Asks: 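Below is the structure I would like to discuss, written out as structure tokens.
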Amino acid sequence: MKAWNRWRLLRAYLARRTRLDGLPVEYIVETTAKCNLYCPMCPREIYRQPKEDMTDEIFERLVAEAAPAAEHMMLIGLGEPLLDRKIFDRIEYCARHGISTLLSTNGTLLDEAAAARLLDSPLEHITLSFDGATRETFEYYRKGARFEQVRDNFVRFCRMKHERRARVQIVVQMVRLERNEAEIGDFLRFWTAVPGVDVVRIKEDETRLLRPGAGHPPGHWKHPCHYLWRGPVYVKHNGDVYPCCQSYALGGRPLGRIGEHPIGELWNAPEIVRMRELHAAGRGGEVEICSRCTTTIPHPALVVGSLILHGRWVRRLLPRVERLARRWLKPPVQLAPATEQTPAGRAR
């Protein structure tokens with residue numbers, strides 16, 4: 001069923017059909033809107049978030065409707081997943097429905113007990129977010145976290161994984177930012193030497209908070225955006241569904257809400273069909289949100305590959321593709337002059 005779903009999406013993408021008879025392959029599911037850090041590059045600094053978790057009713061309905069086609073759920077969003085007291089139950093629930101899962105954590109709560117529970121769970125991928133190689137840089141971008149504590153938590157988790165020979169893929173990730181770019185070499189040398197680490201990833205900044213003039217000019221959108229044909233769609237903690245994470249972060253409107261409309265109906269809502277129509281015509285830059293999007297655009301050949309392979313393998317291979325296939329990836333550019341902002345909001 002899931003392979004057939006991917007095939008239907010692939011045919012629609014290649015034919016540039018705008019109404020789809022398949023469902024999304026991937027989902028970003030914000031199981032909690034709570035966070036314990038202040039990060040100047042995070043969209044939650046613009047959009048105030050309630051201290052709430054996704055209800056069981058919304059989560060279970062989403063999984064039930066998505067399960068026939070969904071292959072991968074990233075249980076992340078604008079919150080810290082380990083603040084969700086039911087996160088381990090949600091990982092298990094997805095596994096029982098044949099859906100692989102990914103977490104991304106800031107590491108502040110990844111003590112030995114939490115590490116053991118994660119390694120005993122069916123979690124398949126985890127991203128350890130660590131934005132710097134020095135205390136000064138790390139604590140500038142991760143306010144409220146302590147450099148040594150988080151580093152020790154991550155190193156212990158990786159070593160526990162190595163000792164247990166657990167199968168979870170560990171990606172240690174740094175987002176490339178103005179203050180940490182000079183530390184990339186030290187970051188790579190340290191984390192590649194830690195037992196249990198599978199991939200060390202340098203990710204481009206996909207927000208506009210520290211570079212508000214970034215985006216994609218009309219000429220960048222020669223090919224349709226893969227998000228609109230395969231996902232991941234973005235599901236907020238309250239059940240609101242957006243075409244992608246950028247749509248929410250850039251102030252877009254939801255397609256609808258879980259429980260009020262089935263996933264199949266939301267996946268062909270008028271707004272997302274309109275977006276597909278413009279992208280299919282090579283006019284994706286005319287979609288206001290897409291013109292300000294700061295994700296990297298993959299070549300259509302990579303999109304085809306992402307619909308041939310199972311979602312878990314797409315997620316597993318992504319960091320390597322980013323490193324080895326740079327010429328097939330089109331990053332955003334600076335469309336207007338911009339200066340990085342300090343946490344207090346003053347230009348530097």
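Remember, it's a predicted structure, so these values are computed and weren't measured experimentally.
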Asks: How would you list, by chain and number, every residue that makes a ring-ring contact (aromatic ring centres under 6.0 Å, His included) with His216, sequence neighbours excluded?
Replies: His220, Trp221
Asks: Okay, side chain of Tyr141, backbone of Arg179: is any donor-acceptor separation there less than 3.5 Å?
Replies: yes
Asks: If you look at every heavy atom in Pro224 and Trp229, which pair is closest and at what distance?
Replies: CB-CZ3, 3.5 Å
Asks: Under the salt bridge (charged side-chain N to carboxylate O under 4.0 Å, His left out) rule, collect the residues that match up with Asp120, sequence neighbours excluded.
Replies: Arg164
Asks: What I'd like to find out is whether the side chain of Arg8 reaches to under 4.5 Å of the side chain of Trp4, using heavy atoms alone.
Replies: yes
Asks: Do you reckon Ile91 sits in the same ILVMFWY cluster as Ile170, going by side-chain contacts under 4.5 Å, direct or chained?
Replies: yes
Asks: What residues form a salt bridge (charged side-chain N to carboxylate O under 4.0 Å, His left out) with Glu286, not counting sequence neighbours?
Replies: Arg283
Asks: Tell me, do Val150 and Arg142 make a side-chain contact under 4.5 Å, heavy atoms counted?
Replies: no
Asks: By ring-ring contact (aromatic ring centres under 6.0 Å, His included), which residues pair with Phe138, not counting sequence neighbours?
Replies: Phe130, Phe147
Asks: Rounded to the nearest 0.5 Å, what separates atom CD1 in Ile289 from atom SG in Cys225?
Replies: 11.5 Å
Asks: Would you say Ile258 and Ile263 make side-chain contact, with heavy atoms under 4.5 Å?
Replies: yes
Asks: Side chains of Leu128 and Val197: closer than 4.5 Å at any heavy-atom pair?
Replies: no
Asks: Do any N or O atoms from the side chain of Thr127 and from the backbone of Ser129 form a donor-acceptor pair under 3.5 angstrom?
Replies: no
Asks: Test Leu37 against Cys42 for side-chain contact (heavy atoms from CB on, under 4.5 Å), laying out the working first.
Replies: CA-CA 10 Å; Leu37 298 185; Cys42 179; over 6 Å; no
Asks: Looking at every heavy atom in both Asp131 and Val175, which two are closest together, and how far apart are they?
Replies: OD1-N, 2.8 Å
Asks: List the residues meeting ring-ring contact (aromatic ring centres under 6.0 Å, His included) with His162, not counting sequence neighbours, and say none if there are none.
Replies: none
Asks: From Lys51 NZ over to Asn36 CG, what is the distance, rounded to the nearest 0.5 angstrom?
Replies: 10.5 Å
Asks: Do Ile76 and Leu110 share a hydrophobic cluster (ILVMFWY, side-chain heavy atoms under 4.5 Å, transitive)?
Replies: no
Asks: Once salt bridge (charged side-chain N to carboxylate O under 4.0 Å, His left out) is applied, do any residues pair with Arg156, and if so which ones, sequence neighbours excluded?
Replies: none
Asks: Quick check for you: to the nearest 0.5 Å, what is the distance between His237 atom NE2 and Glu52 atom CD?
Replies: 4.0 Å
Asks: If you define the side chain from C-beta out and look only at heavy atoms, does anything of Pro81 sit under 4.5 Å from Leu75?
Replies: no
Asks: Would Met160 and Ile126 show up in the same hydrophobic cluster when neighbours are defined by side-chain heavy atoms closer than 4.5 Å?
Replies: yes
Asks: Checking the side chain of Asn5 only, and the main-chain atoms of Gly22 only, is there a donor and an acceptor separated by less than 3.5 Å?
Replies: no
Asks: List, by chain and then residue number, the residues other than Val171 in its hydrophobic cluster (Ile/Leu/Val/Met/Phe/Trp/Tyr, side-chain heavy atoms under 4.5 Å); write none if there are no others.
Replies: Val199
Asks: Side-chain heavy atoms under 4.5 angstrom apart, residues restricted to Ile, Leu, Val, Met, Phe, Trp, Tyr: same cluster for Ile28 and Leu266?
Replies: no
Asks: Minimum heavy-atom separation for Thr108 and Ala145, please, with both atom names.
Replies: CG2-CB, 3.9 Å
Asks: Answer yes or no: does atom CZ of Arg19 have more than 12 heavy-atom neighbours from other residues, nucleotides or ligands under 6.0 Å?
Replies: no
Asks: Can any side-chain N or O of Asp186 pair as donor or acceptor with the backbone N or O of Glu183 at less than 3.5 Å?
Replies: no
Asks: Does Glu112 have more than 12 heavy atoms from other residues, nucleotides or ligands lying within 6.0 Å of its CD?
Replies: no
Asks: One thing to verify: whether Lys161 and Asp198 come together as a salt bridge, which I'm taking to mean a side-chain N less than 4.0 angstrom from a carboxylate O.
Replies: yes
Asks: Verify, without hydrogens or angle tests, whether Gln246 (side chain) and Thr294 (backbone) share a donor-acceptor contact under 3.5 angstrom.
Replies: yes
Asks: Could you identify which residues cluster with Tyr227, counting Ile, Leu, Val, Met, Phe, Trp and Tyr as linked when any side-chain heavy atoms lie under 4.5 Å apart, either directly or through a chain of such contacts?
Replies: none
Asks: CE/Met73 to OH/Tyr93 distance, rounded to the nearest 0.5 angstrom?
Replies: 10.0 Å
Asks: Any non-hydrogen side-chain atom of Leu62 less than 4.5 Å from a side-chain atom of Val241?
Replies: no
Asks: Output, in order, the C-alpha distance, side-chain angles, deciding distance and verdict of side-chain contact (heavy atoms from CB on, under 4.5 Å) for Val233 and Leu255.
Replies: CA-CA 10 Å; Val233 295; Leu255 302 172; 5.8 Å; no
Asks: What pairs meet the ring pair (Phe, Tyr, Trp, His ring centres under 6.0 Å) rule with one or both residues in residues 238-260, with sequence neighbours excluded?
Replies: Tyr47-Tyr248, Tyr234-Tyr248, Tyr242-Tyr248
Asks: Please check if the number of heavy atoms outside Glu57 that lie under 6.0 Å from its CD is greater than 12.
Replies: no
Asks: Test side-chain contact (heavy atoms from CB on, under 4.5 Å) on Leu118 and Ile87 and set out the steps.
Replies: CA-CA 10 Å; Leu118 283 176; Ile87 192 63; 5.8 Å; no
Asks: Mind jotting down which residue pairs meet the side chain to side chain donor-acceptor pair (under 3.5 Å) criterion with at least one end in residues 295-317? Sequence neighbours excluded, please.
Replies: Glu26-Arg315, Glu124-Arg312, Arg230-Ser306
Asks: Would you check, one step at a time, whether the test side-chain contact (heavy atoms from CB on, under 4.5 Å) holds for Thr137 with Leu177?
Replies: CA-CA 10 Å; Thr137 299; Leu177 299 162; over 6 Å; no
Asks: Charged N to carboxylate O under 4.0 angstrom, Asp53 versus Lys86?
Replies: no
Asks: In chain order, what residues pass the ring-ring contact (aromatic ring centres under 6.0 Å, His included) check against Tyr27, with sequence neighbours excluded?
Replies: none
Asks: Let me confirm one number: the CH2-CG distance from Trp267 to Leu23, rounded to the nearest 0.5 Å.
Replies: 8.5 Å
Asks: Got a donor-acceptor contact below 3.5 angstrom from the Ser121 side chain to the Phe88 backbone?
Replies: no
Asks: Which residue pairs satisfy the salt bridge (Lys or Arg N to Asp or Glu O under 4.0 Å) criterion with at least one member in residues 235-251, sequence neighbours excluded?
Replies: Glu30-Lys236, Asp240-Arg257
Asks: Determine, using the 4.5 Å side-chain heavy-atom cutoff (strictly less than), whether Phe154 and Leu102 are members of one ILVMFWY cluster.
Replies: no
Asks: Has the side chain of Arg6 got a donor or acceptor atom that lies under 3.5 Å from a matching backbone atom of Ile308?
Replies: yes
Asks: At their closest point, which heavy atom of Ile99 faces which heavy atom of Ala67, and how far apart are they?
Replies: CD1-CA, 4.0 Å
Asks: If you apply the rule side chain to side chain donor-acceptor pair (under 3.5 Å), what do you find for Thr32 with Glu80, and how did you get there?
Replies: CA-CA 7 Å; Thr32 183; Glu80 163 55 41; over 6 Å; no
Asks: Are Arg253 and Glu271 within salt-bridge range, i.e. N to O under 4.0 Å?
Replies: no
Asks: Ion pair present between Arg159 and Glu163, side-chain N to carboxylate O less than 4.0 angstrom?
Replies: no
Asks: Within the 4.5 Å heavy-atom criterion, are Arg201 and Arg323 side-chain neighbours or not?
Replies: no
Asks: Check Ala33 against Pro50 and note the closest heavy-atom contact, atom names and distance.
Replies: CB-O, 3.3 Å
Asks: Closest approach of Arg90 and Phe59, non-hydrogen atoms and distance?
Replies: NH1-CB, 3.4 Å
